[in-house]
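In each ligand, atom 1 is the first atom listed, and ligand 1 is the first ligand listed. For this chain, numbers begin at 1 and follow the sequence in order.
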Amino acid sequence: MDLRKILRQYFADDIDYEIQPLGAGLIHKTFGVGVDGNAHFVLQQINTEVFQMPDAIAHNVNQLLTHAHQHRQDPCFPAPISTLTSHAFARGEQGEYFRLTPFIPNSHAITTCNSSDEAYEAAHQFGRFSASYASLDCNSLKETIPGFHDLLYRWQQFNEALISGVNNRITASKKLIQQMVQEEILLKRYLHIIQSAGFKKRVTHHDTKISNVLFNASVKGVCVIDMDTTMSGYFISDLGDMFRTYLSPGNEEETDLEQVGVRKEYLEAILQGYNEKMSDQLTDQEKEALYYAGEFMMWMQALRFMTDYLMGDIYYGITYEANNLNRAINQMHLLNQYRKQL
Ligand code: GN1
Ligand code: MG
């Protein structure tokens with residue numbers, strides 16, 4: 001793939017940009033585009049297996065930017081750059097989709113959350129993001145991945161994998177599968193939530209990992225990035241994924257379970273940062289589910305990793321055979337450790 005050809009769809013001048021791989025996401029291919037060692041833009045090739053409707057992402061970004069503009073408020077994320085022909089995406093020769101976003105000067109992303117201050121700042125940014133769009137009718141947003149954080153759907157996919165998945169993987173993982181099935185009570189609570197008037201559909205980011213926040217040199221949060229999965233959803237997705245990904249010193253790839261656990265001060269920091277922006281927005285019923293948010297996301301992610309393992313690793317990138325299995329084990333361990341803190 002000649003990325004220079006892609007850049008020419010954005011720039012009339014023929015600057016010889018340096019293009020370097022960037023970040024550690026499991027889904028897209030990301031590149032820093034710059035001059036003399038300084039990044040000016042971020043170029044991403046959209047994974048269209050995962051995002052089969054890239055235009056839905058562009059539609060949502062447009063809705064958000066229009067809303068922010070009308071309310072004279074900060075969009076809370078960097079707006080993507082259109083091509084010279086005013087398209088949201090540049091296209092590769094085989095129809096691939098690319099998007100370009102400005103690189104925010106003096107900002108950086110981090111891949112692991114290493115202090116409760118970082119956790120606080122990130123939670124504050126994601127809270128600010130959702131709160132900023134509180135008056136946007138989230139029904140105007142499209143679903144960029146159908147059923148993305150629908151726990152019932154993820155549970156059904158898991159159950160289908162138990163029937164049609166790779167046989168020896170199912171047999172060898174009996175114990176873990178049983179442990180995961182025992183958590184079905186978390187699904188019951190979710191089903192209750194989605195029927196309750198006290199739970200609002202909100203503009204939800206749905207991927208609140210620490211690398212989706214930009215920080216400045218003094219480690220203050222600047223804004224959030226990655227609007228791919230921003231759509232209508234429940235706050236438990238955003239808060240829960242922060243718990244899932246910031247609380248533990250070891251991340252979801254960690255196979256030494258001693259490293260997987262909950263740092264209590266990070267939990268307090270996340271709640272503080274998020275509540276500063278969101279507590280006025282949340283209903284009483286939602287506030288009762290602050291801690292459930294973590295259980296919801298940890299279990300759902302365990303189900304998703306395990307489903308992928310049983311189906312033969314078709315969704316998540318893996319670097320070794322049991323990678324998805326180990327991720328599922330890791331997430332179930334985290335869930336158990338998390339509960340001990342409640
Ligand atoms: C995927 O690629 P990345 O890290 O942004 C996934 C998230 C999962 C995460 C687990 C579109 O996100 O939902 O939580 O992996 N995104 C999609 O590492 O499936
Ligand atoms: Mg993402």
Exercise. CG of Asp2: more than 12 outside heavy atoms within 6.0 angstrom?
Worked result: yes

For this session: State plainly whether one hydrophobic cluster holds both Val203 and Val61, where clusters connect Ile, Leu, Val, Met, Phe, Trp and Tyr through side-chain heavy atoms under 4.5 angstrom apart.
Result: yes

For this session: Using the rule that two of Ile, Leu, Val, Met, Phe, Trp, Tyr join whenever any of their side-chain heavy atoms come within less than 4.5 Å, decide whether Ile194 and Leu151 are in one cluster.
Result: yes

Exercise. What atoms of ligand 1 come within less than 4.0 Å of a heavy atom belonging to Tyr316?
Worked result: 15 (O)

Exercise. Looking at ligand 1, does any of its N/O atoms fall within less than 3.5 Å of an N/O of His206?
Worked result: no

Exercise. For ligand 1, which part of Arg304 has a heavy atom less than 4.0 Å away: the side chain, the backbone, both, or neither?
Worked result: side chain

For this session: Please name the atom of Asp226, restricted to N, O or S, that is closest to the Mg ion (ligand 2).
Result: OD2

Exercise. Is it true that Tyr17 and Phe11 have ring centroids separated by less than 6.0 Å?
Worked result: yes

Exercise. For ligand 1, does Asp228 get within less than 4.0 Å through its side chain, its backbone, both, or neither, judged by non-hydrogen atoms?
Worked result: neither

Problem set entry | His149, any N or O under 3.5 Å of ligand 1 N or O | no

For this session: Find out if a path of hydrophobic residues (ILVMFWY) with successive side-chain heavy-atom gaps under 4.5 Å connects Tyr153 to Tyr316.
Result: no

Exercise. Can His28 and Thr30 be counted as having a side-chain donor-acceptor contact under 3.5 angstrom?
Worked result: no

Exercise. Looking at the rings of Phe126 and Tyr274, which for Trp means the six-membered one, are their centres under 6.0 Å apart?
Worked result: no

For this session: May I ask you to check if ligand 1 and Glu252 share an N or O to N or O distance below 3.5 Å?
Result: yes

For this session: Compare all side-chain heavy atoms of Ile46 with those of Arg99 and state whether any distance is below 4.5 angstrom.
Result: yes

Exercise. For ligand 1, is any non-hydrogen atom under 4.0 Å from Arg244's backbone (N, CA, C, O), its side chain (CB onward), both, or neither?
Worked result: side chain

Exercise. Given the side-chain rings of Phe129 and Tyr133, with only the six-membered ring counted for Trp, is the space between their centroids under 6.0 Å?
Worked result: yes

Exercise. Hey, quick one: are Val262 and Tyr120 part of the same hydrophobic cluster, counting side-chain heavy atoms closer than 4.5 Å, chains of contacts allowed?
Worked result: no

Problem set entry | Under 4.0 Å to a heavy atom of Phe51 - the qualifying atoms of ligand 1, by number | 11 (C)

Problem set entry | Subset of ligand 1 atoms that lie under 4.0 Å from at least one heavy atom of Ile145 | 11 (C)

Exercise. Would you say ligand 1 has an N or O under 3.5 Å from any N or O of Asp226?
Worked result: no

For this session: For the Mg ion (ligand 2), find the closest N/O/S atom on Asp207 and give its atom name.
Result: OD2

For this session: Examine Gln301 against ligand 1 and note whether any of their N/O atoms are separated by less than 3.5 Å.
Result: yes

For this session: Just jot down the ligand 1 atoms closer than 4.0 angstrom to any heavy atom of Tyr315, in number order.
Result: 11 (C), 17 (C), 19 (O)

For this session: Give a yes/no verdict on whether any heavy atom in Arg327 is under 4.0 Å from an atom of ligand 1.
Result: no

For this session: Please indicate whether any nitrogen or oxygen in Asp241 is less than 3.5 Å from any nitrogen or oxygen in ligand 1.
Result: no

